[in-house]
Structure formats: structure tokens, C-alpha cells
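Keep in mind that the numbers below use all heavy atoms, side chains included, and drop hydrogens, waters and symmetry copies.
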Amino acid sequence: ILIYKANFMSDNVIKKLICVLITLFSHFSLAVSTDQYPDNKAIKKDFADYVPEQSTNLIAAANISQPTLPSNGQIEITVSGFEFTGNSVFTEARLQSEAAPFLNRILNDADIEELRYRLTRLYVDNGYINSGAVVAGYDVNSQHLRFRFIEGILKEVQVNASHGLNPDYVAKRLQLASGPPFHLPTLQERFLLLLEDPLIESLHGELALGFAPGEAIFKTEATEKRRYGASLTLDNHGAVSLGEWRALLNGTFRNYAGWAETLILGYDISNGNNRGRADFTLPLSAQDTRLHVSFEKSEAKVVEEPAKIL
């Protein structure tokens with residue numbers, strides 16, 4: 001289960017409090033098919049549970065456990081080479097290097113499972129937590145053992161949004177990390193970016209198994225931030241010629257039309273200056289391409305006394 005929580009105060013306060021609690025307990029398994037060998041015997045094993053190890057990163061997870069298999073040598077094959085299909089993350093050379101200790105040996109079923117485990121572990125340790133390897137077959141003539149990789153995907157993002165927040169606004173931004181292959185750190189990065197979105201107050205997420213091997217479903221609850229904000233400022237930072245003392249009134253309105261839009265209205269007034277402005281921003285894509293329109297009008301006059309001629 002992947003849990004994220006964050007709360008943000010209004011944009012108009014002096015300091016923004018950010019609290020992110022991330023806890024990950026991932027449980028993934030892949031169902032293995034029966035692969036026939038030359039002696040017509042079959043290996044029927046359930047995939048072990050593969051999850052990342054504990055680390056000092058933002059991700060915390062249970063340690064991966066070594067598979068426990070019988071070593072009674074029910075199957076023995078001579079392997080002089082390996083063939084890999086379905087892999088897009090690692091190069092052929094990297095996979096061959098991982099399998100090198102098993103090359104030119106007689107392997108039994110425990111050895112084959114150990115190699116499959118190591119290949120899957122390579123994916124998991126690099127953040128591809130629902131990807132893994134399955135035994136695809138054995139060529140008697142070439143003595144090559146074949147492995148097929150199932151690279152995981154984020155099949156669906158389910159969003160339960162509060163108030164008027166559009167669920168698609170959240171889902172489409174998280175789906176940018178869907179893969180294939182699905183990479184958990186990338187999803188985490190997208191999640192943290194959403195926590196800084198001015199429309200979102202908090203997020204709570206849960207990563208669960210899908211219906212097919214290598215599929216994951218991300219369920220999240222999104223709470224909309226307060227739609228409006230206002231501020232009034234009095235200061236003496238104005239130009240001397242227009243009057244040092246001024247008042248600044250600003251109002252912010254978000255998502256009132258349901259398009260995730262933001263409208264900011266402002267008015268400044270001093271002895272010699274009156275200025276009004278409006279800024280409108282509308283997101284156009286999940287990559288945060290935005291339309292920005294602004295308008296400003298001001299009237300000013302010099303109120304400072306002219307310098308005396310000496």
C-alpha cells in the first residue's frame with residue numbers, strides 16, 4: 001500500500017507548511033505458466049513475492065526474501081546460452097552479465113528458479129516493482145534457456161475527488177507515470193508534483209494489484225483546496241513621486257467553472273496612482289501547458305512637490 005498525505009495552507013500566507021508522509025508496502029506476484037522441457041516434465045511454481053529492499057530513499061518497503069525451492073534435481077538441463085525477450089529497460093549485455101554465473105552448467109529446477117529470481121530482482125531493485133521474468137522454454141539443439149520479461153504497467157488510476165475537483169485533472173497527471181514499464185519512483189515524483197498544485201489540499205494514494213500479471217491499479221483520494229483567497233496590504237514601498245503609502249487588495253478564485261482555472265484580481269491605490277489588474281490561467285494539458293491572459297489598467301499623477309531652484 002502506498003500512502004501519501006500532505007496539507008498546504010493558503011497561497012496568501014507567509015509560510016507554506018508542507019507535510020508529506022509516504023509509506024509503501026508493495027505486494028506483487030506474477031502467475032507462472034507451465035513450461036515443458038525435453039523430458040516432458042514441467043516446472044509448476046508460484047512466483048515469489050518481489051518487493052524492493054529497505055532503503056534510505058523516500059520509498060520504504062519490506063525486504064525481498066530468497067525463494068525456497070526443493071533441490072532434489074527433478075530437472076537437469078545443460079545450458080550453453082540464454083535468450084531474453086520482452087525487455088526494454090536493460091540491455092542484452094546487462095542481462096547476459098546477470099546470467100553469466102549459470103552459463104555452461106547443468107541446471108536443475110532450483111537453479112533455474114534462482115536465475116529467474118535474480119533477473120526479476122534486477123527489475124525490482126531499480127523501481128520496476130511489478131515487472132519480472134518467466135521461463136519461456138529450452139532449445140534442445142542450441143541448449144539455450146529462454147526467458148520472457150513481463151514489464152508491468154499502471155493499468156488504471158482511480159480518483160475520488162472532493163467537491164468540484166475534476167477527477168480527470170488528477171488522473172491524467174498521474175497516468176503520465178503509467179509505463180510500460182511502470183516505474184514507482186516516477187509515479188512518486190508525479191504525486192509529489194501534484195501536492196504542490198494550488199488546487200489540491202491533500203492526496204491519499206494506494207497502489208494495488210491488477211487483474212493480470214504485471215498490472216497495477218492506483219487508487220487516490222484528492223481533497224480540493226479552498227477556492228478563494230484574499231489579502232489586504234498597507235505599506236510605504238511606493239514611488240515617492242506617486243505617493244509612498246499605498247494599499248494593495250488581491251483576490252484569488254480557483255476552479256469555479258470546473259476547468260481548474262485560476263483568476264487573480266488586484267487593485268493598488270496611493271495618493272497619485274490607481275492600478276487594477278486581472279490574471280487568468282487555464283491548464284490545457286496534463287503536461288501543464290497553460291493559457292495565461294492578463295489585463296492591467298492604471299492612472300497615475302505626480303504628487304511630489306517640485307524641487308526648489310536654489
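Atoms CD1 and CG, on I153 and N130 in that order, are 8.5 Å from each other to the nearest 0.5 Å. To the nearest 0.5 angstrom, I150 atom CD1 is 9.0 Å from T120 atom OG1. E201 contributes atom CD, which lies 10.0 Å from atom CD of E224 (distance to the nearest 0.5 angstrom). Note: L263 CG to R227 CZ = 13.5 Å, rounded to the nearest 0.5 Å. Note that CG of L199 and CG of N166 are 10.5 Å apart. Values are rounded to the nearest 0.5 Å. Interatomic distance, L187 CG to Q175 CD, rounded to the nearest 0.5 Å: 11.0 Å.
The side-chain heavy atoms of Y267 and N274, taken from C-beta on, include a pair separated by under 4.5 Å. Counting heavy atoms from C-beta outward, L122 and L95 have side chains that approach closer than 4.5 Å. Between F147 and L115, some side-chain heavy-atom pair lies under the 4.5 Å cut-off. V89 places none of its side-chain heavy atoms less than 4.5 Å from the side chain of N126. Looking only at side-chain heavy atoms (C-beta outward), E151 and Y128 stay at 4.5 Å or farther from each other. Using a 4.5 Å heavy-atom threshold, the side chains of R118 and P101 count as touching. At least one side-chain heavy atom of E114 sits less than 4.5 Å from a side-chain heavy atom of F102. Residues R277 and N250 meet the side-chain proximity criterion, which asks for heavy atoms closer than 4.5 Å.
Note on V159 and L193: separate hydrophobic clusters, where clusters join Ile, Leu, Val, Met, Phe, Trp and Tyr whose side-chain heavy atoms are under 4.5 Å apart, directly or indirectly. The hydrophobic cluster containing V293 also contains L265, counting ILVMFWY residues as joined when their side-chain heavy atoms lie under 4.5 angstrom apart, directly or transitively. A single hydrophobic cluster is not seen to contain both L249 and Y228; linkage of ILVMFWY side chains at heavy-atom distances under 4.5 Å, directly or through other members, places them apart. By the rule that hydrophobic residues join a cluster once side-chain heavy atoms approach within less than 4.5 Å of another member, F182 and I217 end up as members of separate clusters. The cluster map of Ile, Leu, Val, Met, Phe, Trp and Tyr, joined by side-chain heavy atoms under 4.5 Å apart, puts L119 and F90 in the same cluster.
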Verdict with supporting geometry, L207 and L184, side-chain contact (heavy atoms from CB on, under 4.5 Å): CA-CA 10 Å; L207 192 62; L184 180 61; 4.0 Å; yes
One pair to check against side-chain contact (heavy atoms from CB on, under 4.5 Å): F191 and F218. What are the steps and the verdict? CA-CA 11 Å; F191 198 95; F218 189 69; 3.6 Å; yes
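Checked against the 6.0 Å centroid criterion, the rings of F295 and F280 do not qualify as a close aromatic pair.
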Pairs of donor and acceptor atoms involving the side chains of residues 77-86, under 3.5 Å and at least two apart or interchain, shall be tabulated with distances.
{"unit_1": "S80", "atom_1": "OG", "unit_2": "S142", "atom_2": "O", "d": "3.0"}
{"unit_1": "S80", "atom_1": "OG", "unit_2": "Q143", "atom_2": "O", "d": "3.4"}
{"unit_1": "E83", "atom_1": "OE2", "unit_2": "H144", "atom_2": "ND1", "d": "3.0"}

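The two residues L165 and A222 make their nearest non-hydrogen contact at CD2-CB, 3.8 Å. Taking both residues in full, the closest heavy atoms of R173 and P283 are given as NH2-CB, 3.8 Å, listed atom of the first, atom of the second, then distance.
For CD of E299, the number of neighbouring non-hydrogen atoms (other residues, nucleotides, ligands) closer than 6.0 Å is 12 at most.
A side chain to side chain contact (heavy atoms under 4.5 Å, CB included) with L174 holds for exactly one of L194, L203, L154; it is L194. The residue from N273, N236, D235, D268 that alone fulfils the side chain to side chain donor-acceptor pair (under 3.5 Å) condition with R246 is D235.
N255 and Y169 form no side-chain donor-acceptor contact under 3.5 Å, judged by distance and modelled atom types alone.
A donor-acceptor contact shorter than 3.5 Å is absent between the side chain of T262 and the backbone of T281. Side-chain atoms of S270 do not come within 3.5 Å of backbone N or O of W245 as any donor-acceptor pair. Checking side-chain atoms of E261 against main-chain N and O of Y256 turns up a donor-acceptor pair under 3.5 Å. Listed for the T220 side chain is a donor-acceptor partner under 3.5 Å among the backbone atoms of H204.
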